[in-house]
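Some notes on the structure that comes next.
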Amino acid sequence: MLVDCILLIDDDKPTNFLHSRILSTHKSFDVIKVAQSGREALAYLEAVSSAIAIKPNVIFLDINMPAMNGWEFLKEFEKLDRALTKGIKIFLVTTSSLPEDMEDAKSNSLVEDLINKPLSFDAIDGLLKKHMI
């Protein structure tokens, strides 16, 4: 299966670099876009609605970011036009081991799954098998 576009949202540049490299060598992902913040990601999605950017099929979202964390991004994402957000699968990618983050992820209808950083081929394969095939 080929995912047309994936959007990585993480404030950590080295993590984005690593995850971009892993995803680009996996061969299941065509276009990989990176946003350094939730606000930057929302601006990207607004560009998609204006037909300036490619709509992502998948978003990998960090929970802990300054200014706008992952939970705040999800609240803003929910306000976007349903025609834009329909079909986008959101996966939380985190180093958090807080039980409340796990519970919040499970109870949020926008979140497909939560996985631990860093991404790996095994984690990606598991997500593709569980959620996309």
Side-chain angles (χ1 to χ4, degrees):
M1 166 179 216
L2 182 66
V3 175
D4 295 328
C5 182
I6 187 164
L7 177 60
L8 299 174
I9 307 171
D10 197 313
D11 63 305
D12 186 63
K13 287 181 182 181
T15 298
N16 282 330
F17 177 79
L18 174 65
H19 288 173
S20 293
R21 296 284 297 177
I22 290 169
L23 292 166
S24 66
T25 57
H26 189 275
K27 300 186 195 261
S28 291
F29 304 94
D30 191 18
V31 176
I32 300 161
K33 297 292 183 180
V34 176
Q36 295 283 147
S37 70
R39 298 225 184 273
E40 186 180 330
L42 290 170
Y44 179 83
L45 292 170
E46 287 175 19
V48 169
S49 66
S50 302
I52 297 171
I54 301 169
K55 179 179 174 176
N57 308 85
V58 172
I59 293 175
F60 282 155
L61 174 63
D62 184 27
I63 294 175
N64 298 312
M65 296 183 287
M68 177 184 278
N69 66 34
W71 304 116
E72 293 164 334
F73 171 83
L74 289 171
K75 287 177 186 172
E76 294 303 312
F77 182 87
E78 197 166 32
K79 296 176 187 175
L80 297 173
D81 186 338
R82 180 75 177 125
L84 170 64
T85 62
K86 184 178 180 184
I88 299 176
K89 295 184 182 284
I90 300 176
F91 299 95
L92 297 180
V93 183
T94 186
T95 56
S96 174
S97 58
L98 296 174
E100 55 266 26
D101 283 342
M102 307 302 173
E103 288 304 314
D104 288 347
K106 288 178 185 176
S107 66
N108 190 310
S109 64
L110 296 174
V111 176
E112 294 287 324
D113 212 335
L114 183 140
I115 56 174
N116 290 322
K117 288 183 189 179
L119 290 178
S120 66
F121 273 32
D122 288 341
I124 294 167
D125 289 341
L127 289 178
L128 288 172
K129 185 175 183 179
K130 183 176 178 183
H131 297 283
M132 307 201 135
I133 298 175

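In terms of the side chain to side chain contact (heavy atoms under 4.5 Å, CB included) criterion, residue partners of T95 (sequence neighbours excluded) are, by chain and number, K117. Residues meeting the side chain to side chain contact (heavy atoms under 4.5 Å, CB included) test with I88, sequence neighbours left out: L45, K55, P56, I59, F77, I90. Partners of D113 according to the salt bridge (Lys or Arg N to Asp or Glu O under 4.0 Å) rule, which considers only residues two or more places apart in sequence or in another chain, are K130. Evaluation of the salt bridge (Lys or Arg N to Asp or Glu O under 4.0 Å) rule for K33 yields no partner, not counting sequence neighbours. Partners of K79 under the salt bridge (Lys or Arg N to Asp or Glu O under 4.0 Å) rule, at least two apart in sequence or in another chain, are E76.
Counting heavy atoms from C-beta outward, S20 and V34 have side chains that approach closer than 4.5 Å. No side-chain heavy atom of E40 sits less than 4.5 Å from a side-chain heavy atom of I9. Contact annotation: the side chain of D62 never approaches that of T15 to less than 4.5 Å [non-hydrogen atoms, C-beta and beyond]. At least one side-chain heavy atom of L42 sits under 4.5 Å from a side-chain heavy atom of L80. Side-chain contact check for L128 versus H26: some heavy-atom pair is nearer than 4.5 Å.
Rounding to the nearest 0.5 Å gives a distance of 8.0 Å between NE2 of H19 and CD1 of I124. If you take CG on L23 and CZ on F29, they are separated by 5.0 Å, rounding to the nearest 0.5 Å. Rounding to the nearest 0.5 Å places CD1 of I115 at 10.0 Å from OG1 of T94. Between the CG atom in D101 and the CG atom in N64 there is a gap of 6.5 Å [rounded to 0.5 Å]. If you take CD1 on I54 and CG on L7, they are separated by 11.5 Å, rounding to the nearest 0.5 Å. From E112, atom CD reaches atom CG of L61 across 13.0 Å, with rounding to the nearest 0.5 Å.
Linking Ile, Leu, Val, Met, Phe, Trp and Tyr residues whenever their side-chain heavy atoms come within less than 4.5 Å leaves M102 and V93 in two separate clusters. By the criterion of side-chain heavy atoms lying less than 4.5 angstrom apart, applied directly or through intervening Ile, Leu, Val, Met, Phe, Trp or Tyr residues, L8 is grouped together with V3 in one hydrophobic cluster. A continuous path of Ile, Leu, Val, Met, Phe, Trp and Tyr side chains, each step under 4.5 Å between heavy atoms, connects L74 with L114, placing both in one hydrophobic cluster.
Nearest heavy-atom pair across L92 and A105 is CD1-CB, 3.8 Å. Smallest separation of non-hydrogen atoms from G38 and F73: O-CD1, 3.7 Å.
When atom types are taken as modelled, the side chain of D11 and the backbone of M65 share no donor-acceptor pair closer than 3.5 angstrom. Using a distance-only test at 3.5 Å, with no hydrogens or angles considered, a donor-acceptor pair links the side chain of S96 to the main chain of L98. For N16 (side chain) and D10 (main-chain N/O), a donor-acceptor pair under 3.5 Å exists by modelled atom type.
Residue F17 qualifies as open at atom CZ: its count of foreign heavy atoms under 6.0 Å is 12 or below.
A ring-ring contact (aromatic ring centres under 6.0 Å, His included) check over residues 43-62, counting only residues at least two apart or in different chains, returns the pairs F60-F91.
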